[in-house]
Q: 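Got a structure for you, questions after.
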2 protein chains.
Amino acid sequence: MNTLLDDSIADGEPDATQLILADIQSGILQPGTWLKQIDLETRYGRGRNEIRRALDRLAQKRIVEHVPNRGYHVYKADGKQADDIAEIRIMLETGIVPKVVATAKTSDIRNLRALADRFESLILHGTVLELYEANLNFHRAFVQLSGNGELDGVIAELRQRTSSAPVSQWKTRARIEKSAREHQEMVDLLAARKADELKALVESHIRQG
Amino acid sequence: MNTLLDDSIADGEPDATQLILADIQSGILQPGTWLKQIDLETRYGRGRNEIRRALDRLAQKRIVEHVPNRGYHVYKADGKQADDIAEIRIMLETGIVPKVVATAKTSDIRNLRALADRFESLILHGTVLELYEANLNFHRAFVQLSGNGELDGVIAELRQRTSSAPVSQWKTRARIEKSAREHQEMVDLLAARKADELKALVESHIRQG
DNA sequence: TTCTCTTAAATTGGTACCAATTTTGGATGA
DNA sequence: TCATCCAAAATTGGTACCAATTTAAGAGAA
């Protein structure tokens with residue numbers, strides 16, 4: 001149920017790691033930006049210690065890079081790395097397809113359909129962030145159907161490392177609508193228990209973003 | 001070339017994280033053991049700060065668990081989690097088989113054969129740790145053939161989370177010899193470019209440990 | 001004896017301070 | 001004018017100290 005980064009106890013005090021990560025993923029902190037500890041302290045209202053720990057964690061996750069005595073800067077993932085990571089995601093999300101097809105109950109499929117509908121409905125009146133979240137929820141629900149409790153965390157970690165500004169990924173309207181259609185089609189293929197076709201769709205869906 | 005945990009600059013000062021991890025994986029620090037900061041300080045000859053950072057990193061990797069105001073203890077992975085992680089490794093290491101079969105050069109295969117031989121030769125006169133390392137090297141080399149630069153790190157991370165004492169995994173002589181034979185067979189199937197059979201072998205090889 | 005409450009010791013975890021290094025800004029000289 | 005060197009400021013990163021919490025020990029009552 002917990003992702004690898006979900007270290008918050010209560011909503012009252014979200015971990016600085018998450019706050020910084022959120023700003024990186026939303027594009028506020030661009031790739032290459034140097035993250036000065038003092039700035040982060042004032043920006044997030046946390047002590048020096050917590051900031052240092054957060055930066056170390058993000059460095060471990062390869063979301064920022066640490067240069068000794070110089071500081072931390074937002075990691076620039078080159079094209080090759082992004083492709084490699086996408087490739088890993090494809091292996092995992094297509095790898096579970098046989099099991100998902102074999103074990104998904106009709107209630108699971110109904111639930112997945114609801115999430116696909118949710119994403120679709122947000123095309124018109126949702127914010128970019130809401131779309132991003134809805135997309136995340138759909139894919140997470142799909143992965144959960146594998147019954148593998150560790151897989152969701154692994155994929156979440158990979159997704160965090162992909163694009164440094166994944167939110168802004170949802171640029172064109174056409175692309176969003178295509179994603180929405182593919183979500184629906186994924187549910188269709190799952191309901192029809194067509195494993196191979198579903199695999200192919202999942203692959204192209206991830207590959208295009 | 002770097003794994004996710006390889007933060008050492010020179011051999012002169014290995015990171016405390018690696019030292020602690022090594023002792024966990026070698027079984028010196030058993031699952032459930034409470035890792036007291038003072039003990040770790042004296043044991044590894046490092047300052048309080050570095051120990052704290054190391055513990056936080058290991059907690060992020062889910063190798064130890066953190067209980068606020070109580071400390072850190074070695075994580076006990078239950079059977080389900082170990083199975084789930086093995087399942088993920090299978091998806092990844094079988095997922096690359098088609099590409100490896102398609103692109104491996106004869107020199108690559110020769111190199112892999114050498115590593116399989118190396119493992120085999122250590123059965124008689126090698127220590128358990130050397131066997132563990134040799135097995136690691138074989139699998140790493142295999143993964144490298146995929147051309148995916150990120151995959152090796154991901155799998156390394158997964159392997160670290162699997163068994164808490166993976167070194168002691170090589171218990172029986174029969175099991176070691178079976179592993180050695182399977183390594184050789186993997187190289188055979190790769191040389192013969194038999195993708196499907198190789199996939200099946202990789203799966204059973206990982207599944208049995 | 002055994003349970004419970006109280007007190008002391010041990011441990012964690014945060015804050016503040018300070019040293020080491022790097023960067024910036026400006027002065028000097030070609 | 002431009003490059004080089006030096007000094008001051010800024011930044012990182014480690015060490016030491018101290019507060020909060022937990023654990024262990026011991027005294028006292030049933």
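Keep in mind that the numbers below use all heavy atoms, side chains included, and drop hydrogens, waters and symmetry copies. Naming convention: chains lettered A, B, ... in sequence-line order (proteins, then strands); numbering from 1 in each chain.
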Q: Calculate the interatomic distance between R70(A) atom CZ and dT22(C) atom P; express it in whole Å.
A: 9 Å
Q: So, is R53(B) near the phosphate of dG14(D), with a side-chain N or O under 4.0 Å from OP1 or OP2?
A: yes
Q: Testing Q81(A), R161(A), R62(A) for side-chain hydrogen bond (donor to acceptor under 3.5 Å, both in side chains) with Y75(A), which one passes?
A: Q81(A)
Q: In chain order, what residues pass the side chain to side chain donor-acceptor pair (under 3.5 Å) check against D117(B), with sequence neighbours excluded?
A: Q184(B)
Q: May I ask you to decide if Q18(A)'s main-chain N or O and D15(A)'s side chain share a donor-acceptor pair within less than 3.5 Å?
A: no
Q: Please check: side-chain N/O of E50(B) versus main-chain N/O of G47(B), any donor-acceptor pairing under 3.5 Å?
A: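 Between the backbone of G47(B) and the side chain of E50(B) there is no qualifying donor-acceptor contact (under 3.5 Å).
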Q: Specify the residues of residues 34-45 of chain B, ordered by number, for which at least one heavy atom lies under 4.0 angstrom from an atom of DNA chain D.
A: none
Q: What is the separation between atom NE2 on H73(A) and atom P on dT12(D), rounded to the nearest whole Å?
A: 13 Å
Q: Return the value, rounded to whole Å, for the distance between atom CZ of R52(B) and atom P of dG14(D).
A: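 One finds 13 Å between P of dG14(D) and CZ of R52(B), rounded.
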Q: Nearest-Å distance, CG (N69(A)) to P (dC18(C))?
A: 20 Å
Q: Nearest-Å distance, CZ (R46(B)) to P (dG14(D))?
A: 12 Å
Q: Whole angstrom is fine here: how far is it from CD1 in I51(A) over to P in dG13(C)?
A: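 Going from I51(A) (CD1) to dG13(C) (P), I get 19 Å.
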Q: Does the side chain of H66(A) get closer than 4.0 angstrom to OP1 or OP2 of dG13(D) through an N or O atom?
A: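 H66(A) to dG13(D) OP1/OP2: side-chain N or O found under 4.0 Å.
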Q: Given 3.5 Å as the limit, does a donor-acceptor pair link the side chain of T33(B) with the main chain of L29(B), or not?
A: no
Q: Round to the nearest Å and state the distance from D56(B) atom CG to dG13(D) atom P.
A: 16 Å
Q: Please confirm whether H73(A) and H66(A) have ring centers closer than 6.0 angstrom.
A: no
